[in-house]
Amino acid sequence: MAVLSPGPVQDDELIGSWFEVKLDNGVTGMFSDVSGLAIEVQVVEQTLSAQDTATRKRPGTTKYQEITLKRTLSPDKKFWEWAKSIRDGKADFRTNGAVMLYDIAGTIIGNWRFENAWPSKWSASDLSVDTDDLMQEEVTLQVELLTREQ
């Protein structure tokens, strides 16, 4: 009996384990975690008492979540230096950037662009003689716009 093959298998689902962050100011990095790729539209409620006291809901302003980046701490100090430049009073600290998601072949399959980003927090994991865990670096970026381009 002949077996029919449905044709080539194509995986359309995105796997979120290969990604990179690139900023227009030259700061780049591979991270183990990225969170905060989200937008939230505020809800404006209005109750109309002259009619049937129904509450209407309308879209309000859009809020962009902060983006949190985590990776193993390394000698690369670019994110630390960027955060430090703000503390030291540098006026030109905002930049645009992107989080790019790759497939197994290294082709970009997802791309989130953000604008006017700046680090509001930089931290390293706690030090302890009781552990052999790799140290982690965490950076929190404030963004003013997030778009999904791919």
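Note that the structure is predicted; figures quoted are calculated from it, not measured.
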Nearest non-hydrogen partners of [X] and [Y], listed with the distance:
X: Trp122; Y: Val139; value: CD1-CG2, 3.6 Å
X: Arg94; Y: Asn116; value: NH1-O, 3.7 Å
X: Ala124; Y: Leu73; value: CB-CD2, 4.3 Å
X: Ile86; Y: Pro119; value: CD1-CD, 3.5 Å
X: Val44; Y: Gly60; value: CG2-CA, 3.7 Å

Spatial distance of atom [atom1] ([X]) from atom [atom2] ([Y]) [nearest 0.5 Å]:
X: Thr61; Y: Gln42; atom1: OG1; atom2: CD; result: 5.0 Å
X: Leu101; Y: Ile109; atom1: CG; atom2: CD1; result: 4.5 Å
X: Trp118; Y: Ser85; atom1: CH2; atom2: OG; result: 11.5 Å

Non-neighbouring partners of Trp82 that pass ring-ring contact (aromatic ring centres under 6.0 Å, His included), sequence neighbours left out: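 Partners of Trp82 by the ring-ring contact (aromatic ring centres under 6.0 Å, His included) criterion come out as none, since no residue qualifies.
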
Where at least one partner belongs to residues 123-134, residue pairs that pass salt bridge (Lys or Arg N to Asp or Glu O under 4.0 Å), sequence neighbours excluded: none

Selection residues 72-88 - residue pairs positive for salt bridge (Lys or Arg N to Asp or Glu O under 4.0 Å), sequence neighbours left out: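 Non-adjacent pairs meeting salt bridge (Lys or Arg N to Asp or Glu O under 4.0 Å): Arg71-Asp76, Lys84-Asp88.
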
Measure the shortest side-chain to side-chain distance between [X] and [Y] over non-hydrogen atoms and say whether it is less than 4.5 angstrom.
X: Tyr64; Y: Glu144; value: no
X: Arg56; Y: Glu45; value: no
X: Asn96; Y: Arg113; value: yes
X: Ile67; Y: Trp112; value: no
X: Leu127; Y: Met135; value: yes

Side-chain H-bond candidate by donor/acceptor type, Gln150 with Asn111, under 3.5 Å: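 There is no such pair (donor and acceptor under 3.5 Å, judged by atom type) between the side chains of Gln150 and Asn111.
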
Modelled atom types, side-chain donor and acceptor of Thr140 and Glu66, under 3.5 Å: no

Under the side chain to side chain donor-acceptor pair (under 3.5 Å) test, residues paired with Glu115 that sit two or more places apart: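 If we apply the side chain to side chain donor-acceptor pair (under 3.5 Å) test to Glu115, skipping adjacent residues, there are no hits.
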
Asp103: partners by side chain to side chain donor-acceptor pair (under 3.5 Å), with sequence neighbours left out: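 For Asp103 there are no side chain to side chain donor-acceptor pair (under 3.5 Å) partners, ignoring immediate neighbours.
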
Show me the donor-acceptor pairs, under 3.5 Å and distance only, between side chains in residues 20-38 and residues at least two apart or in other chains.
residue: Glu20; atom: OE1; partner: Tyr102; partner atom: OH; Å: 2.7
residue: Asn25; atom: OD1; partner: Val27; partner atom: N; Å: 3.1
residue: Ser32; atom: OG; partner: Lys70; partner atom: O; Å: 3.1

Verdict with reasoning, Glu138 to Thr68, per side-chain contact (heavy atoms from CB on, under 4.5 Å): CA-CA 7 Å; Glu138 183 174 321; Thr68 302; 3.7 Å; yes

Transitive ILVMFWY side-chain link Ile39 to Val43, under 4.5 Å: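 Hydrophobic grouping puts Ile39 apart from Val43.
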
